[in-house]
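Okay, so here's the structure we're looking at.
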Amino acid sequence: MNLIDQYPISLTNSLTGKKEVFKSLVPGYVGMYVCGPTVYNNVHLGNTRTFLTFDVISRYFRFLGYKVRYVRNITDVGHLTDDGDAGEDKIGKKARLEQLEPMEVVKRYTEDFHGVMRLFNILPPSIEPSATAHIIEQIEITKKLMEAGLAYEANGSVYFDVKKYNQSHHYGILSGRNIEELMESGRDLDSQDEKREKIDFALWKKASAEHIMRWPSPWGDGFPGWHIECTVMSTKYLGETFDIHGGGMDLKFPHHECEIAQATGANGKVPVNYWLHSNMLTVNGQKMSKSLGNSFLPSELISGSHPLLDKGYSPMTTRFFMLQSHYSSTLDFSNEALQASEKAYRRLSTALSTVKALSHTEGKVDEGLSKELNSLIASCYQNMSDDFNTAKTLAVLFEMSSRINDFKSGNRKTGEVNAELFTAFQKTYISFMEEVLGLQEETQLHNNALDGAIKVLIELRKKARTDRNYALSDKIRDDLKAAGIQLKDGKDGEMSYELE
RNA sequence: GGUUCCGUGGCCGAGUGGCUAGGCUGAGCUCUGCAAAAGCUCCUACAGCGGUUCGAAUCCGCUCGGAACCUCCA
């Protein structure tokens, strides 16, 4: 039996609000689209959480044996800072402020984004299409929607007719909103507005004279609307209906709602079977966002240079911290929580290097331990298959760490389980840590000269101990500790050290 | 105002009808010359008030408190 059938994945589908058993359109294959960043600024830690979530999800699908096509776009087209006509082109604005070409802005922040992804060990998607490379397709689908009577032109711009769409479909199916309420609440249509209803949204916008990013179209020079790029790129690379669409919770409405309307209107098919939304990273209970001024850049987190931070935290500590909560819950950021994560993660990381070094020797098999290890192995899969519950999976890995430490210290002998089970246990721990959760051992800054010097001191201390000169041996240990080096005496008289 | 979600032990966080995760902190024990590390044990909670049920942190209602979305946002 293969892993896909052995551990069927259930996931919370935002479209139905229920946990459902995942069934892919084509057996063994998964098509997943995730809304990527708008590259006019550095990505912050909150953004990173979303990409981490879908990184782990795609990793787990692959781990079970699915062939995954993971598409994550780059939004580089220069949408407006405001949805109305008053807004300014984000990328154009940044370009003016920094005196750069818009594509220099795009390049700079795309590079920054990729750097952050590498830092947190977030794997690249299979395809990373950019909106500016799909202008023709965006114009084509806009034409198609006009032909279908679901879009109208007004003064060089084209808008999606939500009311019309709602006559034959359900606008609001994803976010649970109803069209009447939407038309009543919110901002009023101002007199300048060309839209028939304020809930209508732009498929194509006419470019004002000073707008830098612009392309020719049947309606004159302009640029595509915010939502259409995702519809175009997901359809192009994954088909008119695909398995999973993901993104941050804050994109659910209106962005994803509009995507559903456009795609359904244009292709006559439900575009997505499962919608997944990852929740927000909060700071003191409030959403981390640029506008609130409570966002940190990953670089500020690592160096500890942000005023809200007591000290710096490593990328893997941060990754671990985020995986300790479920992706569908908000996660509150605090120094205390990060400090706890730092210690906890060190424990896992140490067990990881320990388990790699363990080997099996035959002995008398213990039924109780065998049963426990078998059950721990199965739990890893079961917890990940249960809506990608990384928090529960980590809890299992901690229990496995205790057993690993037992083997290392000799509390339990590896021979208490048979060789096959021992290897499975080893492989499960290593692969869930590294492949599924993407947690790597953090390589300490090993420096050959330093390592050599410490070894010399260790030899001196060994000599002092055999001479029962504990005053000297303790001094060596204490002084090294003060310098940030912790010596650990092993059972067999060997010593190891750890940099703090 | 509308829509939706949340409120778990000293702290962070899983859990969504019975079997009461895990981590961090604190206390104790074992090992150790002493430490560190490790192993074991303990401190055991579900905002409040009602209701449903043999049984509720988990379902329903109300109250209080917090958040997200309704405007760009991961």
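Note on naming: letters A, B, ... go to the chains in the order of the sequence lines (proteins, then strands), and numbering restarts at 1 for each one. Given the structure is predicted, the values throughout are model-derived calculations rather than measurements.
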Please pick, from [options], the nucleotide with the shortest atom-to-atom distance to any side-chain atom of [X].
X        : options             : value
A/Ala340 : B/A74, B/G15, B/C24 : B/C24
A/Pro254 : B/C70, B/A68, B/C24 : B/C70
A/Arg347 : B/C69, B/G15, B/A38 : B/A38
A/Glu181 : B/G2, B/G39, B/G23  : B/G2
A/Thr38  : B/C34, B/G13, B/A74 : B/A74
A/Asp489 : B/A74, B/C34, B/A38 : B/C34
A/Asn389 : B/G23, B/A74, B/G15 : B/G15
A/Arg403 : B/G2, B/A74, B/C40  : B/C40
A/Leu251 : B/A74, B/A14, B/C34 : B/A74
A/Ala395 : B/G15, B/A21, B/G39 : B/A21

A/Leu174 CG to B/C5 P: how many Å, rounded?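 Result: 13 Å.
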
Main chain of A/Lys18, side chain of A/Thr12: is a donor-acceptor contact present, judged purely on distance under 3.5 Å? no

Could you tell me whether the phosphate oxygens of [N], OP1 or OP2, come under 4.0 Å of any side-chain nitrogen or oxygen in [X]?
X        : N     : answer
A/Thr282 : B/A67 : no
A/Asn411 : B/G39 : no
A/Arg465 : B/A35 : no
A/Ser409 : B/A37 : no
A/Lys252 : B/U4  : no

What nucleic acid atoms does [X] come within less than 4.0 Å of, heavy atoms only: base, sugar-phosphate, or nothing?
X        : answer
A/Gly285 : sugar-phosphate
A/Ser325 : sugar-phosphate
A/Ala344 : sugar-phosphate
A/Leu338 : nothing
A/Leu487 : base
A/Met249 : nothing
A/Phe253 : sugar-phosphate

Looking at A/Asp386 and A/Lys19, does any basic side-chain N land under 4.0 Å from a carboxylate oxygen? yes

Salt bridge present between A/Lys392 and A/Asp387 (N-O < 4.0 angstrom): no

Ignoring hydrogens and geometry beyond distance, is a side-chain donor-acceptor pair present between A/Thr330 and A/Asp332 at under 3.5 Å? no

Short side-chain donor-acceptor distance under 3.5 Å, A/Lys475 and A/Tyr470: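 Short answer, no.
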
If the [atom1] atom of [N] is compared with that of [M], how far apart are they to the nearest Å?
N     : M     : atom1 : result
B/C59 : B/G17 : C1'   : 8 Å
B/G23 : B/G66 : P     : 33 Å
B/G18 : B/C11 : C1'   : 29 Å
B/U52 : B/U44 : C1'   : 27 Å
B/U25 : B/C62 : C1'   : 37 Å
B/A45 : B/C40 : C1'   : 23 Å

Of A/Glu399 and A/Ala337, whose nearest nucleotide on RNA chain B comes first from the 5' end? A/Ala337

On RNA chain B, does the nearest nucleotide to A/Lys287 precede the nearest nucleotide to A/Ser402 from the 5' side, or the other way round? Give the residue.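 With A/Lys287 and A/Ser402 compared, the 5'-side residue is A/Ser402.
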
Identify, with sequence neighbours excluded, every residue that meets salt bridge (Lys or Arg N to Asp or Glu O under 4.0 Å) alongside A/Lys287.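 A/Asp250.
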
State whether the distance check finds a donor on one side and an acceptor on the other, under 3.5 Å, for side chain [X] versus base [N].
X        : N     : result
A/Asp332 : B/C11 : no
A/Arg49  : B/A74 : no
A/Asp474 : B/G33 : yes

B/G23 base stacked by A/Phe398? Criteria: ring centres under 5.5 Å, plane angle under 30°.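 It does not: the two rings, one from A/Phe398 and one from B/G23, miss the stacking criterion.
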
Counting Watson-Crick and G-U wobble pairs with both distances under 3.5 Å, what is the dot-bracket string for RNA chain B, 5' to 3', using [ ] for crossing pairs and | for pairs to another strand? (((((((..(((.....[...))).(((((.......)))))....(((((..]....))))))))))))....

Beyond-backbone contact of [X] with [Y], side-chain heavy atoms, under 4.5 angstrom:
X        : Y        : value
A/Phe54  : A/Pro125 : no
A/Thr110 : A/Asp76  : no
A/Val56  : A/Phe388 : no

Spatial distance of atom CZ (A/Arg412) from atom OG (A/Ser402) [nearest 0.5 Å]: 12.0 Å

